[in-house]
Amino acid sequence: MSKWEQEFQIEQNRVDQVTSKIDKRIAYLQKQAGDVKADMSHIRKNFWEDVTVNVDNPDEAIESYASIKQQAELLSERERSHRHAENQLDILERLKQSPYFGRIDFLEDGEKEAERIYLGIGSFFDEDSEEFLIYDWRAPISSLYYDYSLGKAAYKAPDNTITGTMELKRQFIIRHANIKSMFDTGITIDDELLQEVLGKQSNSQMKSIVATIQKEQNQIIRNERGRLLIVQGAAGSGKTSAALQRVAYLLYRYRETLQAENIVLFSPNPMFNSYISTVLPELGEENMQQATFQEFLQNQLGKTFDLEDPFTQMEYVMTSMEDPDYHVRIQGIRYKASLDFMNVIENYIEYLGQEGLIFKDLKFRGRILISSQKINDYFYGLSSSISIPNRMKQVSERLLKDLKELAVQERTKAWVNEEIQLLDKEVYERFYQHLLEKNQYTEDTFNDFEREEKLLAAYVVNEHFKHLRKRVKNLLFIDNRAIYRQLYRTHGLIETLTGKSSLPEDWVKICKQTVKRLDQKELAYEDATPYLYLKERIEGFKMNTSVRHVFIDEAQDYSPFQFAFIKRIFPFSKMTVLGDMNQAIHAHAENTGLSTLSSLYGSEATETIMLKRSYRSTRQIIKFTRGFIDGGEEIIPFNREGDKPALIQASNEQELNMKVAERIRDLQAEGNRTVAVICKSYEESQKAFNALQNEASIRLIDKETASFETGALVIPSYLAKGVEFDAVIIYNASKEQYGRESERKLFYTACTRAMHELHMYYIGEPNSFILDTPSDTYVKEE
């Protein structure tokens, strides 16, 4: 037996010993969890039998409260213990299958013997030997594995920096407690392990990458220096994966003070949420809050407007070039995305502090109770040195006082007496309950008819005035739509606020477009953030102070205005943004927020990390796609071999659909689990799906699709962002379809979704992006 074979056997013996101890711990925890569950069941079943309840006098009521509180706390403690045990069991079951993926031997300076450190997705402490048999990959000492090769090394402990020498770095592939592969390496993560992981077929969910984290990714994961971390990386460079591991690291590092609910991820679309949903649970952590920015906007504005989403806007940009107002809208989209327009809104706020606010009448039963003019007088009667939101609060309090007086006057109206006569038994019962709660009920109350009638009148009016008081408390007397409309409708107003020279050339036409949609109670996507920002500045920002970390994926899709708005919503939060300027496909991309984001936090609070190595695609696909973009030569392909991208011509649509359907069937027969037919737009996707659905088993993806599943699918380019597929078919890569320079990044984004195979079909001529790349980077097929 060779020395390496002996080493292999020693390591397998250790795996066997560790998994045996894990088995024992699992058995112990299962019994413990069962006992705790039985306690919980007993407490719930006998809750009221085990507490003292007596409310006859104050002292006994206090004793009853204390008894109930004690029993509730006991139940809550048992529930926490059970959840903790269940979480531990989940991690142990995973460790049992694959206890660890790496080993380092580290000789600390001043010590005589190196310590052997084994790394896994969770830690495992052996109480018999009082040592860690497995270290969590997020532990400080584990950073050695990701950051250093053999030789001098150091890591940051909680109190100081530990220095020493790394004498060995070993990597494992362990499946079902059996070592499938083992190798020593002098670099961070050996190509062999990455080949094993990246060479697999893709799944419907993104996987944890803790075994293959690279040094530059580890810098992202453990970064704690600034308030803003900007990660710019090539397609397939592991930005999103590193961000999710960063979430897991933060939850581990600050486990005493940070919970998953304190972290928010803004993702590009609902399907993406499904795609990444299993990563954190695989690491034993709960998923953070996830939402799209559109979902946030819809929650705030959906009741007021028919709100356009970014995908509808994108569809317009890609398919409506023949619209005579097309160029006007594109100008509007870009201008309203800018910080210049945000400054216009700020100047408008200052103007509104002096004049120009528009209010709604408070009406009741078709009558004006309090006129908009009176509300206007209230507001502008207050000192202009007070902020608008604080003045609004004072106006609201004044209006509530007015309503109280008006309610008294309303009790004598004829409609009140008519309604009293028609009250049913249920309303009477609610009335009696109301009197009891107000301590207004006595034995004589209903012996006096006149008194009863007055109380009933007060009750009826009060019930009808509830919605008015609610409107006042929620500041619904402010006509925000009219105020925003005024910015575009009032001649010369915006020129006064900003200076005409800085406005878009077709500003007058932009105003007409905006007003037309507002009058139809529609809000274009480019107007949503400015409108909401104006509304919040008038009413007072609803800031979220509980969120400590905000993550934004596909950050190149966000405008400067949107970033500034998000920063304002989460004032105490750190922010991690992930993006690729080469995938900036939205119409406001010229004003992308990534280029101005650091100015919002300041250079000292900002750190930027660049990822240039791409792992998703084969070397052949990367060499081809990097030719589409400026600076593409800086993208470093991972050395995984595959076929060159294929370019296939079709003489007409019928032949195109026949060839694409045949390719889908061939790719699936070869074992590709995810095959994407990527179209430029949703309009084209529908057309392709209708033509292909009888020839191949496929699914159409739209903006409402909430889950990512394996199989063949037809998807518009902008919904494929952030997701990867075993094989990608570009449905129509012709010059006719991708003929504008502005579509270069869109085509690049679509092609870089491919992991193993890329097939591009076209009718007529291929687009210039393909023809501009070296001809030896792709093959032409008949």
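We use all heavy atoms of the structure for the numbers below, so side chains are in, but hydrogens, waters and symmetry mates are not.
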Can you classify the ring geometry of [X] versus [Y] as parallel (below 30°), tilted (30 to 60°) or perpendicular (above 60°)?
X: Phe624; Y: Tyr778; value: perpendicular
X: Phe565; Y: Phe296; value: tilted
X: Trp507; Y: Tyr335; value: perpendicular
X: Phe747; Y: Phe628; value: tilted

Indicate yes or no: at least one non-hydrogen side-chain atom of [X] is less than 4.5 angstrom from one of [Y].
X: Leu713; Y: Val675; result: no
X: His549; Y: Val264; result: no
X: Thr514; Y: Asp527; result: yes
X: Leu307; Y: Leu297; result: yes
X: Tyr762; Y: Leu647; result: yes
X: Gln294; Y: Asn269; result: no
X: Asp553; Y: Phe551; result: no
X: Val231; Y: Val577; result: no

Can you tell me how far the [atom1] atom of [X] sits from the [atom2] atom of [Y], to the nearest 0.5 Å?
X: Leu578; Y: Ile230; atom1: CG; atom2: CD1; result: 10.5 Å
X: Lys680; Y: Gln737; atom1: NZ; atom2: CD; result: 5.0 Å
X: Leu597; Y: Gln556; atom1: CG; atom2: CD; result: 12.5 Å
X: Lys687; Y: Ser681; atom1: NZ; atom2: OG; result: 9.5 Å
X: Leu265; Y: Leu244; atom1: CG; atom2: CG; result: 7.0 Å
X: Leu229; Y: Ile221; atom1: CG; atom2: CD1; result: 11.0 Å

Whether [X] side chain and [Y] backbone form a donor-acceptor pair below 3.5 Å:
X: Arg640; Y: Arg616; answer: yes
X: Glu743; Y: Arg740; answer: yes
X: Glu554; Y: Ser267; answer: no
X: Glu670; Y: Leu667; answer: no
X: Gln583; Y: Gly579; answer: no
X: Gln620; Y: Gly642; answer: yes
X: Arg665; Y: Glu695; answer: yes
X: Ser614; Y: Ala235; answer: yes
X: Lys721; Y: Pro268; answer: no
X: Asp325; Y: Val328; answer: no

Looking at every heavy atom in both [X] and [Y], which two are closest together, and how far apart are they?
X: Ala661; Y: Ala696; answer: O-CB, 4.5 Å
X: Thr625; Y: Cys751; answer: CG2-CB, 3.7 Å
X: Ile715; Y: Ala676; answer: CG2-CB, 4.4 Å
X: Thr710; Y: Thr674; answer: CA-CG2, 3.9 Å
X: Gly627; Y: Thr773; answer: C-CG2, 3.8 Å
X: Ser617; Y: Ala754; answer: OG-O, 2.6 Å

Would [X] and [Y] pass as an ion pair if we require N to O under 4.0 Å?
X: Arg744; Y: Glu741; value: yes
X: Asp580; Y: Lys745; value: no
X: Glu522; Y: Arg517; value: yes

**Message:** Do Lys703 and Tyr682 form a cation-pi contact, if we require the NZ or CZ to be under 6.0 Å from the six-membered ring centre and within 45 degrees of the ring's axis?
**Reply:** no
**Prompt:** Does Tyr316 have Arg329 sitting over its ring (NZ/CZ under 6.0 Å from centre, angle to axis within 45°)?
**Reply:** yes
More than 12 heavy atoms of other residues, nucleotides or ligands under 6.0 Å from [atom1] of [X]: is that the case?
X: Glu736; atom1: CD; result: no
X: Lys512; atom1: NZ; result: no
X: Asn652; atom1: CG; result: yes
X: Lys644; atom1: NZ; result: yes

**Request:** Starting from the C-alpha separation in whole Å, work towards a yes-or-no answer on side-chain hydrogen bond (donor to acceptor under 3.5 Å, both in side chains) for Thr576 and Arg246.
**Result:** CA-CA 10 Å; Thr576 300; Arg246 174 167 168 76; 3.1 Å; yes
**Verdict with reasoning, Glu655 to Ser651, per side-chain hydrogen bond (donor to acceptor under 3.5 Å, both in side chains)** = CA-CA 6 Å; Glu655 185 182 6; Ser651 57; 2.4 Å; yes
**Complete:** Across all chains, not counting sequence neighbours, the side-chain contact (heavy atoms from CB on, under 4.5 Å) partners of Glu633 are none
**Asked** Quick one: are the ring centres of Phe769 and Tyr748 less than 6.0 Å apart?
**Response** no
**Asked** Do the two ring centres, one from Tyr718 and one from Phe311, sit under 6.0 Å apart?
**Response** yes
**Request:** Verify whether one side chain among Gln217 and Gln245 offers a donor that lies under 3.5 Å from an acceptor in the other.
**Result:** no
**Asked** Between the side chains of Arg663 and Tyr761, is a donor N or O closer than 3.5 angstrom to an acceptor N or O?
**Response** yes
**Message:** Run the side chain to side chain contact (heavy atoms under 4.5 Å, CB included) test on Tyr738 and Leu746 for me, step by step, so that the C-alpha distance in whole Å, both residues' side-chain angles and the decisive distance to 0.1 Å come before the verdict.
**Reply:** CA-CA 9 Å; Tyr738 294 91; Leu746 185 70; 4.2 Å; yes
**Message:** Show, in sequence, the C-alpha distance, side-chain angles and deciding distance for Asp306 and Leu523, and conclude whether the side chain to side chain contact (heavy atoms under 4.5 Å, CB included) test is met.
**Reply:** CA-CA 6 Å; Asp306 179 7; Leu523 197 64; over 6 Å; no
**Request:** Go through Glu505 and Gln331 one step at a time and tell me if the side-chain hydrogen bond (donor to acceptor under 3.5 Å, both in side chains) criterion holds.
**Result:** CA-CA 8 Å; Glu505 180 183 349; Gln331 284 186 46; 5.0 Å; no
**Message:** One pair to check against side-chain hydrogen bond (donor to acceptor under 3.5 Å, both in side chains): Asn223 and Glu607. What are the steps and the verdict?
**Reply:** CA-CA 9 Å; Asn223 185 288; Glu607 185 157 355; 3.1 Å; yes
**Stepwise side chain to side chain contact (heavy atoms under 4.5 Å, CB included) test for Met610 and Thr608** = CA-CA 7 Å; Met610 304 292 292; Thr608 301; 4.2 Å; yes
